[in-house]
**Q** 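Here it is, the structure in full.
As the structure is a computational prediction, the values presented were derived from the model and not from experiment. Letters A, B, ... mirror the listed sequences (proteins, then strands); counts begin at 1.
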Protein chains: 2
Amino acid sequence: MTAQPFPVSEIVASRRPHRKDAARNYDALLAAAREAFAEHGAEASLEDVARRAGVGIGTLYRNFPTRRHLFESVYAGEVNDLCRFAEEVADREPWEALTAWLHRFVDYTVTKRAIREALDGESEIFLACRESMYAAGGPLFERAREAGRARDDIAFDDLLRMVAGITATNFLDDAQRDRVLSIALDGVRAGR
Amino acid sequence: MTAQPFPVSEIVASRRPHRKDAARNYDALLAAAREAFAEHGAEASLEDVARRAGVGIGTLYRNFPTRRHLFESVYAGEVNDLCRFAEEVADREPWEALTAWLHRFVDYTVTKRAIREALDGESEIFLACRESMYAAGGPLFERAREAGRARDDIAFDDLLRMVAGITATNFLDDAQRDRVLSIALDGVRAGR
DNA sequence: ACTGTAGCGGAGGCACCCCTCCGTTTCAAT
DNA sequence: ATTGAAACGGAGGGGTGCCTCCGCTACAGT
């Protein structure tokens with residue numbers, strides 16, 4: 001809501017090194033990790049991440065002392081994007097805003113494979129991310145509910161986990177994924 | 001539909017050894033594998049499976065030459081149970097029969113963690129399992145649709161993948177899982 | 001009870017991954 | 001251009017998992 005709304009983005013940005021080569025490697029590692037996590041889940045090989053980034057394994061460990069640091073950084077980056085997107089859709093029609101946000105939620109690839117674990121992560125950053133995400137998406141849900149477009153016997157957490165589950169599943173193609181998501185969301189609509 | 005409706009059960013049973021000790025080990029391995037797959041997904045350590053079963057690693061490999069053999073056997077066993085259950089509910093009210101079957105689907109633990117992969121498996125057994133499952137559950141869906149209880153713009157495959165996704169996700173507790181499943185199924189109900 | 005054989009278990013070779021440590025390289029401030 | 005400090009990369013030690021192979025065990029048929 002303010003200029004720097006999400007503490008998460010600061011945490012991540014603050015870790016980025018100042019020297020040019022170091023910064024480039026840092027970015028390459030994050031991008032490589034995003035790919036690797038998307039493909040293999042949170043257990044992806046860190047040596048593979050370093051290889052993809054074209055960087056020595058030592059460099060990976062200097063930037064991200066543990067697997068958790070790396071994973072959290074990738075995750076936080078996506079959460080951050082998601083939070084920004086919530087602002088973008090804030091002035092659309094309530095139900096439309098909610099579903100647009102949820103579809104964006106689905107698009108995040110790391111999230112796709114790893115969000116289930118992340119939803120139960122207990123570290124400081126995971127908690128912060130979850131809070132940010134709830135702060136961003138919760139009001140959209142609330143608004144849809146007040147407009148009589150969403151049923152009021154479920155919690156935002158229920159909704160998010162439902163979508164996360166569908167998101168994490170393999171489908172024949174993207175069309176099927178969207179179709180299934182729409183069906184499930186129809187269950188969330190008010191008026192049966 | 002006939003006395004031995006599911007080819008899958010024969011495949012699995014035919015592999016069970018005749019000698020007493022061997023049969024005991026075979027069963028112990030299947031049970032251990034079911035546990036291990038449920039906990040760690042399809043990538044569970046085979047040495048761990050052997051340890052759980054109280055059996056040497058060599059014995060595991062004699063009974064199940066590859067990881068895929070073991071996984072398929074566990075999976076086929078559960079599919080088989082599921083198929084039987086479809087017969088049990090066949091004479092209930094259409095919508096109730098369908099949801100009862102889907103809830104049972106949710107209960108299978110191996111399935112829970114691994115069905116996403118399995119839904120895309122291309123081996124002969126996976127195909128046979130999928131076919132059996134569709135043969136068992138499809139008619140339930142069809143019947144609910146004909147009774148005007150389920151919408152007709154979605155496929156049984158859509159429904160199954162939706163439920164599988166929700167099934168594979170972590171929830172705070174079983175109550176939340178059931179709640180979310182009900183919401184999603186409401187999207188499948190006919191009449192908005 | 002005897003005995004041939006199916007079945008057993010685990011040592012060991014190979015591969016991969018984790019993470020640390022340190023000699024070498026590269027940046028950027030002067 | 002010089003130079004000190006920051007950053008680099010990858011070798012290597014320890015761990016775990018995969019799978020094979022073969023000497024030992026115990027079942028079941030006579």
**Q** Which pairs pass side-chain hydrogen bond (donor to acceptor under 3.5 Å, both in side chains) with one or both residues in residues 44-56 of chain B, sequence neighbours excluded?
**A**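 Sorted result for residues 44-56 of chain B: B/Glu35-B/Arg52, B/Glu39-B/Arg52, B/Asp48-B/Arg52.
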**Q** In whole angstrom, give the distance that lies between atom CD of A/Glu47 and atom C1' of D/dG14.
**A**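 Rounded to the whole Å, the gap is 13 Å.
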**Q** Should A/Asn25 be listed as having a side-chain N or O under 4.0 Å from OP1 or OP2 of D/dA7?
**A**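 No, because none of the side-chain N or O atoms of A/Asn25 sits under 4.0 Å from OP1 or OP2 of D/dA7.
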**Q** Residues in side chain to side chain donor-acceptor pair (under 3.5 Å) with B/Glu142, at least two apart?
**A**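 Partners of B/Glu142 by the side chain to side chain donor-acceptor pair (under 3.5 Å) criterion, ordered by chain and then number, come out as B/Arg145.
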**Q** When you check the gap from the basic side-chain N to the acidic O, do A/Asp21 and A/Arg24 get nearer than 4.0 Å?
**A**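 Between A/Arg24 and A/Asp21 there is no salt bridge, as every charged N stays at least 4.0 Å from the carboxylate O atoms.
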**Q** Between A/Arg67 and B/Ala23, who's closer to the 5' end of DNA chain C by nearest nucleotide?
**A**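 Taking each residue's closest nucleotide, the earlier one in sequence belongs to B/Ala23.
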**Q** Tell me whether the OP1 or OP2 atom of D/dG9 has a side-chain N or O from A/Thr59 closer than 4.0 Å.
**A**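 Looking at the OP1 and OP2 atoms of D/dG9, one of them is under 4.0 Å from a side-chain N or O of A/Thr59.
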**Q** Using a heavy-atom cut-off of 4.0 Å to chain A, what are the terminal contacting nucleotides of DNA chain C, in 5' to 3' order?
**A**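 First and last nucleotides in contact are C/dC17 to C/dA28.
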**Q** For residues 96-106 of chain B, which side-chain donor-acceptor pairs fall under 3.5 Å, sequence neighbours excluded?
**A**
{"residue": "B/Thr99", "atom": "OG1", "partner": "B/Trp95", "partner atom": "O", "Å": "3.1"}
{"residue": "B/Thr99", "atom": "OG1", "partner": "B/Glu96", "partner atom": "O", "Å": "3.2"}
{"residue": "B/Trp101", "atom": "NE1", "partner": "B/Leu82", "partner atom": "O", "Å": "3.2"}
{"residue": "B/His103", "atom": "ND1", "partner": "B/Thr99", "partner atom": "O", "Å": "3.0"}

**Q** Summarise protein proximity over nucleotides 20-30 of chain D in one line of letters, 5' to 3': B for base, S for sugar-phosphate only, - for none, counting protein heavy atoms closer than 4.0 Å.
**A** B------SS--
**Q** For B/Asp48 and for A/Ala22, locate the closest nucleotide of DNA chain D by heavy-atom distance; then report the residue assigned to the nucleotide nearer the 5' terminus.
**A**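 Looking at the nearest nucleotide for each, A/Ala22 comes out on the 5' side.
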**Q** Let me know the distance between CG of A/Asn63 and C1' of D/dG9, rounded to the nearest Å.
**A**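 Going from CG in A/Asn63 over to C1' in D/dG9 covers 13 Å.
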**Q** In whole angstrom, give the distance that lies between atom CG of A/Leu29 and atom P of D/dA7.
**A**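 Roughly 14 Å, once rounded to whole Å.
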**Q** D/dC18 phosphate, OP1 or OP2: any side-chain N/O from B/Ser45 under 4.0 angstrom?
**A**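 B/Ser45 to D/dC18 OP1/OP2: side-chain N or O found under 4.0 Å.
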**Q** Contact between B/Thr59 and B/Tyr61 at the side-chain level, heavy atoms closer than 4.5 Å - yes or no?
**A**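 No, every pair of side-chain atoms sits at 4.5 Å or beyond.
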**Q** Classify the ring geometry between A/Tyr134 and A/Phe156 as parallel (under 30°), tilted (30 to 60°) or perpendicular (over 60°).
**A**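 Judged by the thresholds at 30° and 60°, the geometry between A/Tyr134 and A/Phe156 is perpendicular.
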**Q** What residues, two or more places apart in sequence or in another chain, satisfy side-chain contact (heavy atoms from CB on, under 4.5 Å) together with A/Ala147?
**A**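 A/Ala147 satisfies side-chain contact (heavy atoms from CB on, under 4.5 Å) with A/Pro94, A/Arg149 once adjacent residues are dropped.
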**Q** Where does the angle between the aromatic ring planes of A/Phe37 and A/Phe71 fall among parallel (under 30°), tilted (30 to 60°) and perpendicular (over 60°)?
**A**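 Rings of A/Phe37 and A/Phe71: perpendicular, as their planes differ by over 60°.
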**Q** Is there side-chain contact between A/Thr66 and A/Leu70, with heavy atoms separated by less than 4.5 Å?
**A**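 No, their side chains stay 4.5 Å or more apart.
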